[in-house]
Novice: 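The structure under discussion is supplied below as structure tokens; questions concerning it will follow.
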Amino acid sequence: MNSMNGKSIAIILSLLVMPLVNINAAQAQPTKSNEDESKVPSYTLPDPLTTSAGAKVTSGNAWRDKRRPEIVKLFETHVYGRSPGRPPRMTFEVTSLDKKALGGKATRKEVSVYFTGKKEGPKMDMLIYVPNGASKPAPVFLGLNFDGNHAVHSDPGIKLATLWTRPAKEKPLVSSRAPEESRGKSASRWAVEKMIERGYGLATIYYGDIEPDFFPEGYNVGVRSVMDAPSGSSKSVGDEWGAIGAWAWGLSRAMDYFETDNTIDSKHVTVMGHSRLGKTALWAGARDERFAMVISNDSGEGGAALSRRWFGETVERINTSFPHWFCGNYKKYNTDVNALPVDQHMLIALIAPRPAYVASAQEDLWADPRGEFLSAKHAEPVYSLLGKDGLGVDEMPSANHPVGKTIGYHIRTGKHDVTDYDWEQYLNFADKHFKHAKLQ
Ligand code: GCU
């Protein structure tokens with residue numbers, strides 16, 4: 001066969017095997033990172049609405065019964081790894097309750113979740129505020145935090161977290177109680193009073209309770225060491241779950257608790273996260289359909305940003321800097337991102353028809369704001385198939401101009417962070433979709 005024939009056959013075969021959104025020739029992604037828009041090569045995205053066998057998905061039922069489970073499996077196999085289900089011996093314990101917190105405006109509760117029923121751990125401690133004076137259970141925002149529950153608000157009633165600290169090389173892992181001065185350290189990222197005033201509760205958990213981050217050996221003390229124990233190594237092999245999978249699994253365990261607490265409206269829980277915890281919120285919301293709404297704040301690579309778009313952080317870079325976050329198979333795509341059977345618009349599509357919000361920050365080029373917007377945009381066909389409007393715009397909006405219908409999006413001025421501006425948009429978005437569930 002001559003080379004023309006061989007090439008045409010290869011193109012036809014690739015169209016059959018990997019359904020495409022844009023029929024542009026995909027170019028290999030250079031390995032260094034890029035922050036120059038004019039240098040972004042063309043790329044071709046897999047089509048969320050064509051099955052691996054090449055069948056076009058044209059009905060809501062075909063999406064729900066075939067394509068959605070198939071995409072979940074692809075993300076499990078190639079990106080985040082497989083997660084176990086609810087542990088049969090898990091127990092909950094309310095460890096504190098104050099009905100007059102925040103000047104009487106809220107009830108504060110702390111709940112320990114013992115994953116295997118053993119108090120020695122692994123366990124996670126959840127801090128919950130719900131507004132007082134409610135006639136109905138409260139819709140809540142749920143988010144993992146980076147610095148301990150006590151860092152979310154200066155409220156002196158919050159227990160100081162036990163934080164895992166990075167040990168010196170030869171020393172074993174040590175834990176220490178966070179210092180009193182660190183109360184409220186991250187309060188600017190959690191608009192607690194705003195949420196309470198507007199009729200929402202907040203539930204938050206220190207992500208290190210589920211698995212300590214910053215060093216791959218966190219595996220040895222987090223849930224991955226006791227649940228569905230894989231190969232016994234800090235490096236997930238094949239499709240064994242990584243740390244993001246573990247953190248997302250912890251969020252589902254929080255939802256298990258909400259289903260038992262009659263002050264919380266478990267049908268209106270919004271899972272939210274920033275940065276690596278935004279990647280985590282998206283994966284949790286994609287897998288667990290009990291989450292009614294999902295918010296990604298500056299989640300970037302491995303979160304909302306398209307992996308095939310060569311801008312900001314790359315798959316290779318994230319796998320090298322944070323080898324414990326994703327599954328072993330993900331490393332195979334370090335130098336061949338176009339071979340991934342998914343891209344991140346398909347993660348957002350898994351949230352459909354539930355509302356999803358993607359937020360970027362202008363100075364956060366590492367997270368690729370345009371790639372985050374485009375991901376939301378390319379999830380739209382799935383929302384349309386399910387009878388929902390997606391973003392409702394074709395062009396990326398200018399800074400501080402939120403857009404969107406069932407998929408919301410904004411890019412705000414400023415850097416990689418969570419600000420009051422971000423929270424105001426999330427509260428407005430929740431009001432729009434949860435009106436009927438509100439307290440007043
Ligand atoms: C790094 C990493 C990002 C991540 C961020 C964070 O910058 O490269 O992927 O989102 O940390 O979680 O803070």
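This chain uses plain numbering: 1 for the first residue, then up along the sequence. Order of listing sets the numbers, starting from 1, for every ligand and every atom in it.
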Novice: For the pair K194 and D420, find out whether any cationic side-chain nitrogen is under 4.0 Å from an anionic carboxylate oxygen.
Specialist: yes
Novice: Under 4.0 Å from ligand 1, counting heavy atoms only, is it the side chain of E313, its backbone, both or neither?
Specialist: side chain
Novice: Heavy-atom distances under 4.0 Å decide this one: backbone, side chain, both or neither, for K279 against ligand 1?
Specialist: side chain
Novice: Short list, please: which atoms of ligand 1 are under 4.0 Å from a heavy atom of S275?
Specialist: 4 (C), 5 (C), 6 (C), 10 (O), 12 (O), 13 (O)
Novice: Output the list of atoms in ligand 1 that are nearer than 4.0 Å to some heavy atom of W366, sorted by atom number.
Specialist: 2 (C), 7 (O), 8 (O)
Novice: Do E380 and K377 meet the salt-bridge criterion of a basic N to acidic O distance under 4.0 Å?
Specialist: yes
Novice: Looking at E424 and R198, is there a salt bridge between them, counting it only when a charged N and a carboxylate O are closer than 4.0 Å?
Specialist: no
Novice: May I ask you to say whether R67 pairs ionically with E70, meaning some side-chain N is under 4.0 Å from a carboxylate O?
Specialist: yes
Novice: Under 4.0 Å between a Lys/Arg side-chain N and an Asp/Glu carboxylate O for R68 and E289?
Specialist: yes
Novice: Considering only heavy atoms of I318, which atoms of ligand 1 have at least one such atom less than 4.0 Å away?
Specialist: 9 (O)
Novice: What residue and atom, counting heavy atoms only, is the protein's closest point to atom 12 (O) of ligand 1, and at what distance?
Specialist: R276 NE, 2.5 Å
Novice: Pull out every atom of ligand 1 sitting under 4.0 Å from any heavy atom of F322, numbered as shown with elements.
Specialist: 1 (C), 2 (C), 8 (O)
Novice: Checking salt bridge (Lys or Arg N to Asp or Glu O under 4.0 Å) between R309 and each of E301, E37, E372, which is the one that passes?
Specialist: E37
